[in-house]
Asks: 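Below is one structure. I have some questions about it.
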2 protein chains.
Amino acid sequence: MQAPETPGATPTARERILATSYRLFARRGVLGVGVDEVIERSHVAKATFYKHFPSKNDLVLAFLDRREREWTVGLVEAESHKRGETAEERLLAIFDVFDEWFRSDDFDGIAFITVLLEMGKSHPLGQASIQHLANLRAIVSKRAAEAGLRDPEQFARSWQILMKGSIIAALEGDLDAAQRAKAMAANLIEQFR
Amino acid sequence: MQAPETPGATPTARERILATSYRLFARRGVLGVGVDEVIERSHVAKATFYKHFPSKNDLVLAFLDRREREWTVGLVEAESHKRGETAEERLLAIFDVFDEWFRSDDFDGIAFITVLLEMGKSHPLGQASIQHLANLRAIVSKRAAEAGLRDPEQFARSWQILMKGSIIAALEGDLDAAQRAKAMAANLIEQFR
DNA sequence: CGCGGGATAGACAGAACTGTCTGTTCGTGG
DNA sequence: CCACGAACAGACAGTTCTGTCTATCCCGCG
């Protein structure tokens, strides 16, 4: 039986590996981080690593899944939900969340795009990244439908251009990128009302 | 004397290296392409390669420079210039150029962002990429000033969010990304008039 | 007490990476 | 015709990468 991570206790080997690779992959991409470094910083034996993750690819896939749970859902969706009453407010609040995120020490880029660019869109990891980006877009699309906007799917594609563009701008150092994007986003809502 | 590439003649070794690495780096990034592959596909001896480019880093820097000449200036700036009479038309025409580019076989992504994400913003290659992105932004900013828009610098930062976001969307497979971005761009111009 | 599962450290194989070096060949200008 | 520079082929060193394997250890459970 795999204990579901009792808080306070020492995390299991698998959990340590995932936590370490999350930190490293999110900030430095997957090509620039070797399994040896993950292993060393997880304080785990090599055999243990390969027992849990038969190949580096499997680890990256697990990382992308976790990224979706923690970032897409835990940060973007959940936090923006809290900050608004209506679907429309909650859409715009995404950029308020981004604004805080860009300014925080936790800002670590957008892993799905990083992996996509590193691996290319025909590689399995690129494909997985594209899927995760589609899942993120689905959240936007769903809210757009709730808000009664027309053509939620097309709306979400435009909206995501603003999300991606602002994150890249922030990575370059533009700390106000979220505010710029929010202004354009407000306009986009008007266009789709 | 280094002959300036007489057309028809066999390109010099240096030129072959640059042409090969341009193709490879633009599509696959820099971490995923080794110097051995560049050397083999350039039909060049290893010593010749290291004579012209003392390290891989130097080659990547040369690649980024060429990317600026051929893509930033040769494609984005020059082509959009042709397609409009006024500064404002020429701004919007950027996305018409993108639209064609996204649909062509030559579409090979946005190298400056790829390198930035691969290397991180504190690495020399990341720094160089940020500079090249700033140079691209300067073109937008200059046109915005010509068009009499207010705050051309801030305008260009918002504009670039649309450019980056649409290119990433196209890499994911959204062929209409340029048209979406253009619609938002037209709105942005209104806001800054 | 003893056994088994999961973890440990770390050697090892084989490939790929960057960069160095040797020795040869070829074309051109003096 | 010869000398020189540039490019050639390719061996080599040293590191790093992924993945395998051996051998040991520790802890909980029957």
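Lettering of chains follows the sequences in order, A, B, ..., and the numbering in each one begins at 1.
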Asks: What's the CD1-C1' distance between B/I39 and D/dA7, to the nearest Å?
Replies: 13 Å
Asks: OP1 or OP2 of D/dC8 less than 4.0 angstrom from a side-chain nitrogen or oxygen of B/T48, does that happen here?
Replies: yes
Asks: Does A/H52 make a side-chain N or O approach to OP1 or OP2 of C/dA7 shorter than 4.0 Å?
Replies: yes
Asks: Rounded to whole Å, please give me the gap between NZ in B/K51 and P in C/dC21.
Replies: 15 Å
Asks: Please determine which of A/R67, A/R27, A/R23 meets the salt bridge (charged side-chain N to carboxylate O under 4.0 Å, His left out) test together with A/D108.
Replies: A/R67
Asks: Counting N and O atoms only, with roles assigned by atom type, does the side chain of B/R143 sit under 3.5 Å from a partner on the main chain of B/R90, one being a donor and the other an acceptor?
Replies: yes
Asks: Grab the two heavy atoms, one from A/R193 and one from A/R150, that are nearest each other, plus how far apart they are.
Replies: O-NE, 4.2 Å
Asks: CD of A/E40 versus C1' of C/dG10: gap in Å, rounded?
Replies: 13 Å
Asks: When the ring planes of B/Y22 and B/F63 are compared, do they come out parallel, tilted or perpendicular, using 30° and 60° as the limits?
Replies: perpendicular
Asks: As a test of understanding, state which of B/D99, B/D106, B/D105 forms a side-chain contact (heavy atoms from CB on, under 4.5 Å) with B/R103.
Replies: B/D99
Asks: Output the rounded distance in Å from CD1 (B/I17) to C1' (D/dA7).
Replies: 10 Å
Asks: Reading nucleotides 17-25 of chain D 5' to 3', which nucleotides get B (base under 4.0 Å from a protein heavy atom), which S (sugar-phosphate only), which -?
Replies: -BBBB----
Asks: OP1 or OP2 of D/dA6 sitting under 4.0 Å from any side-chain N/O of B/R16?
Replies: no
Asks: Quick one about B/Q131 and B/N135 (side-chain donor to acceptor, distance below 3.5 Å, no hydrogens or angles considered), yes or no?
Replies: yes
